[in-house]
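What follows is a set of notes on a single structure, which appears directly below.
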Amino acid sequence: MLKLHGIWVRSIILKKEDLDLVEANQLEDLQQILTQVNLAHDADDTQLVEGYAWVFKDASHLFLDCSTSQEVWHGVCSWLGIPVMARNTSLADLIMYLCFALEWRKAGNINYSVLRMAVPMFGRAIRMVYQEVNENKYVSNWIGEVFKDVETEKKRLISNRDLVRVRLEATDHKTDMVSDDVFLWLKEADILIPEVENLTLQVRRRQWNEFRKLLKKITTLNMKCDFQPFSIPIPSLEHFSSGNIVSFKSREKASDQLLVALQDDNSSIIGLYGRQGSGKTTLVKAMGEKVKFLKMFSKVVFATVSQNLNIRTMQEEIADSLDIRFDKNSEAGRARRIFSTIESMIRPILVIFDDVQVKFDPEDVGVPCKSNRCKILVTARCQQECDLMYCQRDVQLDPLSKEEAWILFEKHSGIHDEDCSSSPDLSNVAREVAFECEGVPRLIKDVASSLRNKPIDEWKASLDSLKHSMAKWQIFLSFRGEDTRYAFTGSLYQSLRQGGFKTFMDDGGLETGDQISPSLLNAIEASRLSIIVLSENYANSTWCLDELVKILECKKLKNQLVWPIFYKVDPSDIRHMRKCYGKDMARHENRFGNDSERVQKWKSALVEVCNLSGMAYSIGYEYEFIQKIVEHANDIRSRLQIRNI
């Protein structure tokens, strides 16, 4: 009976798994245990003492193997289901003494006097447990309330974080810059939320003070989520250029593409290309101010390259911007000094190389090409020059649309001023003049300013000059040399020359490397009409394909005329990449990669040229076919006029 009673007493104690779950009746049960132990001592009832010894013996395996008083106390506390609070060595020694007495009994050496001394000692231990539970009931309740508050604030923080993320995603980052405080708040929230969620019940018992600190941190963070302001408008390009750029769609488009490229971690060298006078320099300078405003770069360094490459001059420009004083005079020594300075920068910088016309290695100047401390922005007149610099991203600066060109022309010519509107024909002539400037901002400004307050006769003379001075060649011939140079194309060139057309034909110099020569690109740009002789091996040449891309680019940007001649090839085979054209493009894909931007442009150009109105030759007298081409050119001679034919 006493044995069963002892097991019942132990079960009462073991039920106390969580300090917060102690109820009033359990406190009473603990009080009953204390009373029974005291009675056993007062009555000197060895039989009752032996009964309680069974209670202790049943649990002794939990702590008999402990080697230190601290481990003993932890074992007892684990058995009783209480947190380790108010631990002291003397109590641990008492429990250990009791365990030692039980071991005697276990070995058959019954010593009731020892047990009689041990039981009241254990009674003292239970009394302390009772006092701890009773006295810390308030603390436990307080911890529970704090825990509830933490849970409430945590849920509120998660809700606030999600709302901030939604608002962040809804922000148009092209027009608005989100406050740095928003990103710092989100970072802190993302750290704090898992910290709260990872707290266990055991941690809550032993580190309730940390709960109080967490509650304060979460509450404070929740109070800081009302951002004022959340974001601010990003000023226009016109603002960053000090009024030198009008915020036209064509400029904004290039600006947006540059911003995306500059934010791309995989792009260390970015190219901006466009015609001379298109406003590349003005745009990149404005972009430099914009990225500093957006805090993307700490500094923006500008260096002019041009056709006469001078490494020392570029080094001096960069050194002046970075406050570098050279201790060595050699180009290599200067380059090392610039390189080490950039690499030691805390925040990245942007280096702009303007007007690149020849290939060079930025590291010869001292600018690292693959570094998280630096990005390079290159301006050039054509995409091929960007390719020479191994740009990972290219952005094209389109000419102004007719509407944009007219707005800019009006601004600088004063065409609507009263003294300039006396002639009814002036407005019409002015529009023609503006459109002949081919959307080039610098030319529009120069021409418009020169004609301000001038009589209509000077406007008409300027119009006539523009119509004939923008092109150097009337006709440009694009062809595959090994196919037609000494046959069809040679005969066509001779007939066009005899017909009085100033025609450009490559002189037959050897093709070196993969890049088309700058002289050919300039000739294409300076021509009124391009005739493309698409022969069997045309797509075999990367030069021919680059020519084709450039010609179609000039068609779009300069309204250049383009005539495809399908010489002994079927246009559908070109359009669908079959036969020799399919084989050649497959070879280019293997060499440059399926996803190569250059190869994709070649494919698109071949498809586009097949959709243009052209002429086809398969069989018959070639001279008769050539004569038809010359006659067709004569029909549009007025559109091919240039000055000094």
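In what follows, residues are counted from 1 in the order of the sequence shown.
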* Greater than 12 external heavy atoms within 6.0 Å of Asn308's CG -> no

* Asked: Can Asp323 and Thr341 be said to form a side-chain contact (heavy atoms from CB on, under 4.5 Å), step by step?
  -> CA-CA 10 Å; Asp323 296 324; Thr341 300; over 6 Å; no

* Structure fact -> Of all heavy-atom pairs linking Ser267 and Ala261, the shortest is CB-O, 3.9 Å

* To do: Answer yes or no: is there an ion pair linking Glu151 with Lys154, defined by an N-O contact shorter than 4.0 Å?
  => yes

* So how far is it from Leu408 CG to Arg442 CZ, rounded to the nearest 0.5 Å? -> 13.0 Å

* Asked: Does the distance from a Lys or Arg side-chain N to an Asp or Glu carboxylate O, for Lys550 and Glu525, drop under 4.0 Å?
  -> yes

* To do: Could you tell me whether the side chain of Leu612 reaches within less than 4.5 Å of the side chain of Leu552, counting heavy atoms only?
  => yes

* Less than 4.5 Å apart, any side-chain heavy atom of Leu186 and any of Leu168? -> yes

* Tell me, do Phe227 and Val178 make a side-chain contact under 4.5 Å, heavy atoms counted? -> no

* Asked: In terms of ring plane angle, is the pair Phe409 and Trp406 parallel, tilted or perpendicular, where the classes change at 30° and 60°?
  -> parallel

* Asked: Rounded to the nearest 0.5 Å, what separation is found between the CD1 atom of Ile376 and the CD1 atom of Ile269?
  -> 4.5 Å

* How about Lys601: does its NZ atom have over 12 heavy atoms from other parts shown lying under 6.0 Å from it? -> yes

* Between Gln396 and Gln257, is any pair of side-chain heavy atoms under 4.5 Å apart? -> no

* Asked: What pairs meet the salt bridge (charged side-chain N to carboxylate O under 4.0 Å, His left out) rule with one or both residues in residues 280-301, with sequence neighbours excluded?
  -> Asp180-Lys295, Glu289-Lys292

* To do: Would you name the heavy atoms of Ser462 and Val447 that are closest together and state the gap between them?
  => OG-CG1, 4.0 Å

* For the side-chain contact (heavy atoms from CB on, under 4.5 Å) test, which of Val367, Leu309, Thr304 pairs with Met314? -> Leu309

* To do: Step through the shown structure and confirm whether more than 12 heavy atoms of other residues, nucleotides or ligands are within 6.0 Å of CG on Asp265.
  => no

* Which pairs pass salt bridge (charged side-chain N to carboxylate O under 4.0 Å, His left out) with one or both residues in residues 225-235, sequence neighbours excluded? -> none

* Check ion pair Glu438-Arg275 (N to O, under 4.0 angstrom) -> yes

* **Check: Glu331 main-chain N/O paired with Gln315 side-chain donor or acceptor under 3.5 Å** => yes

* Asked: Thinking salt bridges, do Arg598 and Asp546 make one under a 4.0 Å N-O criterion?
  -> yes

* **Ile551 and Ser478, any side-chain heavy atoms less than 4.5 Å apart** => yes

* **Residues that Lys249 engages under salt bridge (charged side-chain N to carboxylate O under 4.0 Å, His left out), provided they are two or more places apart** => none

* Asked: Cys382 and Leu521: which non-hydrogen atoms are nearest, and at how many Å?
  -> SG-CD1, 3.4 Å

* Asked: Taking only residues at least two apart or on different chains, which pairs with a member in residues 390-401 satisfy salt bridge (charged side-chain N to carboxylate O under 4.0 Å, His left out)?
  -> Lys253-Asp398, Asp264-Arg393

* Any side-chain heavy atom of Met287 within less than 4.5 Å of one from Leu272? -> no

* Heavy-atom donor-acceptor pair, Trp459 side chain to Lys454 backbone, under 3.5 Å -> yes

* Asked: Hey, what do you get for CZ (Phe302) to OG1 (Thr281), rounding to the nearest 0.5 Å?
  -> 5.0 Å

* **Candidate pair Glu553 and Lys556, rule salt bridge (Lys or Arg N to Asp or Glu O under 4.0 Å), full reasoning** => CA-CA 5 Å; Glu553 177 186 309; Lys556 174 185 176 183; over 6 Å; no

* Could you check Cys386 against Tyr273 for side-chain contact (heavy atoms from CB on, under 4.5 Å), going step by step and ending with a plain yes or no? => CA-CA 7 Å; Cys386 292; Tyr273 66 94; 3.9 Å; yes

* Could you walk me through whether Asn266 and Gln392 pass side-chain hydrogen bond (donor to acceptor under 3.5 Å, both in side chains), step by step? => CA-CA 8 Å; Asn266 296 319; Gln392 288 96 13; over 6 Å; no

* **Selection residues 337-354 - residue pairs positive for salt bridge (charged side-chain N to carboxylate O under 4.0 Å, His left out), sequence neighbours left out** => none

* To do: Determine yes or no for a side-chain-to-main-chain donor-acceptor pair under 3.5 angstrom, with Asp320 supplying the side chain and Glu316 the backbone.
  => no

* Asked: Can you tell if the side chain of Met389 reaches within under 4.5 Å of the side chain of Pro362, non-hydrogen atoms only?
  -> yes

* To do: Dump the intermediate steps for side-chain hydrogen bond (donor to acceptor under 3.5 Å, both in side chains) on Gln560 and Ser527, then the final yes or no.
  => CA-CA 8 Å; Gln560 189 180 96; Ser527 299; 5.3 Å; no

* Distance from Phe339 atom CZ to Arg373 atom CZ, nearest 0.5 Å? -> 12.5 Å

* Asked: For Arg251, does its backbone N or O pair with a side-chain atom of Ser255 as donor and acceptor, under 3.5 Å?
  -> no

* Do the side chain of Ser268 and the main chain of Cys369 share a donor and acceptor less than 3.5 angstrom apart? -> yes

* Structure fact -> Sorted by chain and number, sequence neighbours left out, ring pair (Phe, Tyr, Trp, His ring centres under 6.0 Å) with Phe293 holds for Phe240

* Looking only at non-hydrogen atoms, find the nearest pair between Ser250 and Glu404 and report the distance. => OG-OE1, 3.0 Å

* Asked: How about Arg575 and Asn611: do any of their side-chain heavy atoms sit closer than 4.5 Å?
  -> yes

* To do: Specify the closest pair of heavy atoms between Trp473 and Ala523, including all atoms of both residues, with the distance to one decimal.
  => CD1-O, 3.9 Å

* To do: May I have the step-by-step check of side-chain contact (heavy atoms from CB on, under 4.5 Å) for Lys402 and Arg431, ending in yes or no?
  => CA-CA 9 Å; Lys402 287 186 175 181; Arg431 283 186 176 273; over 6 Å; no

* Atom OG1 of Thr379 and atom CD of Gln357: how far apart are they, to the nearest 0.5 Å? -> 9.0 Å

* Leu322/Ile342 under side-chain contact (heavy atoms from CB on, under 4.5 Å): CA gap, chis, key distance, verdict -> CA-CA 9 Å; Leu322 298 178; Ile342 293 176; 4.0 Å; yes

* Structure fact -> For Ser278 and Leu397 the tightest heavy-atom approach is O-CD2, 3.5 Å

* If you round to the nearest 0.5 Å, how far is CZ of Arg336 from CD1 of Ile338? -> 11.5 Å

